[in-house]
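Contents: one structure, followed by commentary.
Residue numbers begin at 1 in each chain, while the letters A, B, ... track the order of the sequences.
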Amino acid sequence: MYEHDVIVVGGGGAGLRAAIAAQEEGADVAIVTKLHPVRSHTGAAEGGINAALREGDDWELHAYDTMKGSDYLGDAPAIETLAQDAPEEVFQIEHWGMPFSREEDGRVSQRPFGGLSFPRTTYAGAETGHHLLHTMYEQVVKRGIQVYDEWYVMNLAVTDEETPEDRSCHGIVAYDVQSGEISGFKANDGVILATGGPGQAFDHTTNAVACTGDGYAMAYRAGVPMEDMEFVQFHPTTLPSTGVLISEGVRGEGGILYNADGERFMFEHGYANNDGELASRDVVSRAELTEVNEGRGFEDEYVMLDMRHLGEERIVDRLENILHLAEDFEGVDGLKEPMPVKPGQHYEMGGIETDENGLTCIDGLYAAGETACVSVHGANRLGGNALPELIVFGARAGKHAAGGDMAEAKIETGERGDIEYDETELPYQPGEVGMDAGPSGVAADGGAVTADAGAVVEQAVETERERVATLMERDEGVQHSQIRADLQQTMTQNVNVFREEEGLKQALQDIREIREAYQDVYVDDPSRTFNTDLQQTIETRNLIDVAETITLGALVRTEFRGAHWRAEHQERKDDEWLKHTLVAWNDGEPTIFYRPTILEGENKTYEPKERSY
Amino acid sequence: MSTQVPETETEAETEAEPAGESHQERRMADKAARREYRESEKKAEAELRAAEESVHLKVFRYDPEVEDKQEPRFDDFYVPYTKGMTVLDALMYARDHYDSSLTFRHSCRQAVCGSDAMFVNGRQRLCCKTQLSEMAEPVRIEPLPHQDVVKDLVVDMEHFYDQMHAVEPYFQSEDVPTEEQRQSRENREKIKMSTRCIWCGACMSSCNIAAGDNEYLGPAAINKAYRFYMDEREDEEELKEHRLRILEQEHGVWRCQTQFSCTEVCPKDIPLTEHIQELKREAVKNNLKFW
């Protein structure tokens, strides 16, 4: 068994920042990641990092824009923390060497982004995430922080008290992809999940193949509620054939969208009379799909994004990477032609419920980054707010886990306090199938109530070894690739930009059947060496759990807010729905409850207003 | 010739499953014997018939643990072709429809994670940004040359990472900042290409010198050092000299014989050879200073 003070799961932006912060507090830190850190999907982020750095801007404006962008579903303490901490975090990574784009006077450049009242998006070309990831990895190397790369974390070692709020997390179980060794990792002070998004639950996504929602699923099954999972961001400009992202920076610099009739539809069809192409992402995605659905799309599938008028010099200076992406993945020369674009799954606003210090309702278990829901983004994330979230809340989680001195959190977590339960009748029973049979019958809280942390980890290791043995021994049945394809298909068809009650119910039924099929999943590759068949089979189980929480949230929330559009409920219902959706695993029989959104900020209370752009 | 398989097979056993050997063998034999005709294969055959074109892949296979893969071989896969399909798309199709044990690294699918550099039709390429339409058939896919093969198309990257770490690839400053440092646009432009490296290892694999001298830092690591040496934000003389000392060592910049193979294969178009030559000049200038 390995042992460290703090164990960070995931080597992307949030994980690296958390590890550095914990190390600075004097903790012995290790990063355990299924990829090498520089392979993490933070590297694909293009646009930038919002931070109020300049005269004429301040954190309160950043907070206000973020709250409005969230459609008043973000929590004020989280949003204000983000806006307040972002500038110093940006200065910090600049000092670590981040190669930001620069102004004439040598200061860091900032550009306009959708939904911002000030051009506060700092950037490094159109490859900001790549530079952020590499800059922080460099600091991890400098500090000699131990990295277990290509170790796949299979589960958490959590005690199994009756209520999740009484449980504590003592470590993780992981297997070394290269050798197949399954081992326990004991964490003396805390485990931080920084495992990124669940994009692989959909078939047209900007997310990497590795974005399989492992962190959500592990925390969920251990008893941590999933918060606001129905809020999935569909990015309006992805390349149709692959889902590769074309940064919002293109529109920030002045790129325009038009339909097959040559109309600049954002204005001409009244979707956003003021901000046009720079309206919030959910607004633009719906506008594009409406254009296509009403017959004004190209090939019934996409619209065009044009940046030619910006001129070669400006494009090469600020958006060069976009030229490469359009050329390599769509065969289009962005200097000479418009680029075809359509909405694609991009970002999960919801996630593992945490407070401003990254802590979940389980003692010793933290989450940060996309996989967490603090909640900063509420019903819709603004472009340029994901990267500051990684570094701000990554740093906070790392510091808190390592015992750093921090103010007490204002946000409450877990199934306690001011909550109410959902009473929607569900058409199909969600949750575990065949409660104690087969590999999917393994509850994540497989630990035992015991004072000995090592024993909790050992127990979890044993459970995972059994799970793997079962998967490997089965010689026939269904393969994960088939199950995953079925899941992606129903999610893309039914839980997409436009959502209808019947479709959501259909998705729940499909997920039920997919769960049943998973009971017969088997791993064909008999090898222990680099068995990606086994890894993907376990990931697929995680995707099923995550997809179900997204669908449940989408079905019970009978309103239209931010990214969540419902055919039958075409308005935002503030009287009823200024509250977070929380789905708890409840040992295999999910329950749904709600907690009010916190709109009281440090200096003011945010009054919900109509969100128009 | 292009691929090195580790010569010795040692410690296949791990402490994780002490009594697993006989069990493991039995299971493997069972699976080999009972490999059944799968749903996904049926689907693939239908798709193949319906497709106007198909692509023939010849894929390198090796697994030190599986009996019929211990001797390296090539497997043939026929994949239905769709416009815009990349080598990575074809590999994923083959794995998901024909053989789930086909193993390769991949993640972002957009040329930024650097996981899927392989040897395709005799050259190091990033599979996700290599269009099948540009490849002659059969498309021959092998692991990166000059690195130990772990399994199928997966190579051991540890040595590459060690070289990257050897150049102290980080800003040394310990300042706690209250504001940003200034950097001129020209200086940012100067280092821009060097910061694009995605650690894919294509350059190192293509380099004849690295193949013959295992301690040679290699193009990627030297480029990483260039990125720091040229950055005006780290301007202390002592640090610059410290960086040059690392680069000037026996297995550093002077080993490069300007064959340009690294520059040719770099999927991010980084002028690696130029960067190495510039650092040689800096080293010469620095040494003359002390005369």
task = Check whether the ring centres of His36(A) and Tyr161(B) lie less than 6.0 Å apart, and answer yes or no.
result = yes
query = Salt bridge check: are Arg102(A) and Glu186(B) linked by an N-O gap of less than 4.0 Å?
reply = no
Option in Ala210(A), Ser241(A), Gly331(A), Pro99(A) with maximal non-hydrogen atom pairs under 4.5 Å from chain B = Pro99(A)
query = Checking heavy atoms, do the side chain of Asp149(A), its backbone, both or neither come under 4.5 Å from chain B?
reply = side chain
ask   = At a heavy-atom separation under 4.5 Å, does His95(A) approach chain B through its side chain, its backbone, both, or neither?
value = both
inquiry  = Please check: side-chain N/O of Arg39(A) versus main-chain N/O of Cys108(B), any donor-acceptor pairing under 3.5 Å?
reply    = no
ask   = Side chain, backbone, both or neither: which part of Ile198(B) has an atom under 4.5 Å from a heavy atom of chain A?
value = both
Gln131(B), part contacting chain A, at a heavy-atom distance under 4.5 Å = side chain
query = Is chain B contacted by the side chain of Met98(A), its backbone, both, or neither, given a heavy-atom distance below 4.5 Å?
reply = backbone
task = Identify the heavy atoms of Ala44(A) and Gln110(B) that sit nearest to each other, and give their distance.
result = CB-NE2, 3.7 Å
message = Tell me whether His324(A) contacts the main-chain N or O of Ala111(B) through its side chain, where contact means a donor paired with an acceptor under 3.5 Å.
response = no
key: salt bridge (Lys or Arg N to Asp or Glu O under 4.0 Å), paired with Glu104(A), selected from Arg188(B), Arg185(B), Arg182(B)   = Arg185(B)
ask   = Between Arg109(B) and Val244(A), which heavy-atom pair has the shortest distance, and what is it?
value = O-CG2, 4.2 Å
message = Minimum heavy-atom separation for Cys128(B) and Phe329(A), please, with both atom names.
response = O-CE2, 3.2 Å
request  = Against chain A, label Thr86(B) side chain, backbone, both or neither, depending on which of its atoms sit under 4.5 Å from a heavy atom there.
outcome  = neither
task = Counting only heavy atoms closer than 4.5 Å, note whether Phe100(A) contacts chain B via side chain, backbone, both or neither.
result = backbone
note = Ranking Glu103(A), Glu330(A), His41(A) by heavy-atom pairs under 4.5 Å to chain B gives rank one to Glu103(A)
inquiry  = Please rank Lys129(B), Gln183(B), Arg105(B), Glu234(B) by heavy-atom pairs under 4.5 Å with chain A and give me the top one.
reply    = Gln183(B)
request  = For chain A, find which of Asn187(B), Thr178(B), Asp231(B), Ile191(B) contributes the most heavy-atom pairs closer than 4.5 angstrom.
outcome  = Thr178(B)
ask   = Within the side chain of Arg196(B), is there an N or O that forms a donor-acceptor pair under 3.5 Å with the backbone of Glu127(A)?
value = no
Contacting moiety of Met85(B), where chain A heavy atoms sit under 4.5 Å = neither
Gln535(A) versus chain B, the contacting section by heavy-atom distance below 4.5 Å = neither
inquiry  = With a 4.5 angstrom heavy-atom cut-off, is it the side chain or the backbone of Leu35(A) that approaches chain B, or both, or neither?
reply    = side chain
ask   = Does a salt bridge link Glu138(A) with Lys224(B), judged by any charged N lying under 4.0 Å from a carboxylate O?
value = yes
ask   = Checking heavy atoms, do the side chain of Glu134(B), its backbone, both or neither come under 4.5 Å from chain A?
value = neither
Heavy-atom contact with chain B under 4.5 Å, split by part of Thr135(A) = neither
message = Can you confirm whether the side chains of Ser100(B) and Asp533(A) place a donor and an acceptor under 3.5 Å from each other?
response = yes
key: Choice from Ala485(A), Ala208(A), Gly243(A) maximising heavy atom contacts with chain B below 4.5 Å   = Ala208(A)
query = Where does Lys192(B) contact chain A at under 4.5 Å (heavy atoms): side chain, backbone, both or neither?
reply = side chain
inquiry  = Show the nearest heavy-atom pair for residues Phe530(A) and Thr103(B), with the distance to one decimal.
reply    = O-CG2, 3.4 Å
inquiry  = Between Met164(B) and chain A, with a heavy-atom cut-off of 4.5 Å, which part of the residue counts as in contact: side chain, backbone, both or neither?
reply    = neither
task = State plainly whether the residues Lys151(B) and Asp525(A) are in salt-bridge range, i.e. N to O under 4.0 Å.
result = yes
message = For Glu180(B), is there an ion pair with Arg54(A) - N to carboxylate O distance below 4.0 angstrom?
response = yes
key: Side chain, backbone, both or neither of Glu46(A) within contact of chain B (heavy atoms, under 4.5 Å)   = side chain
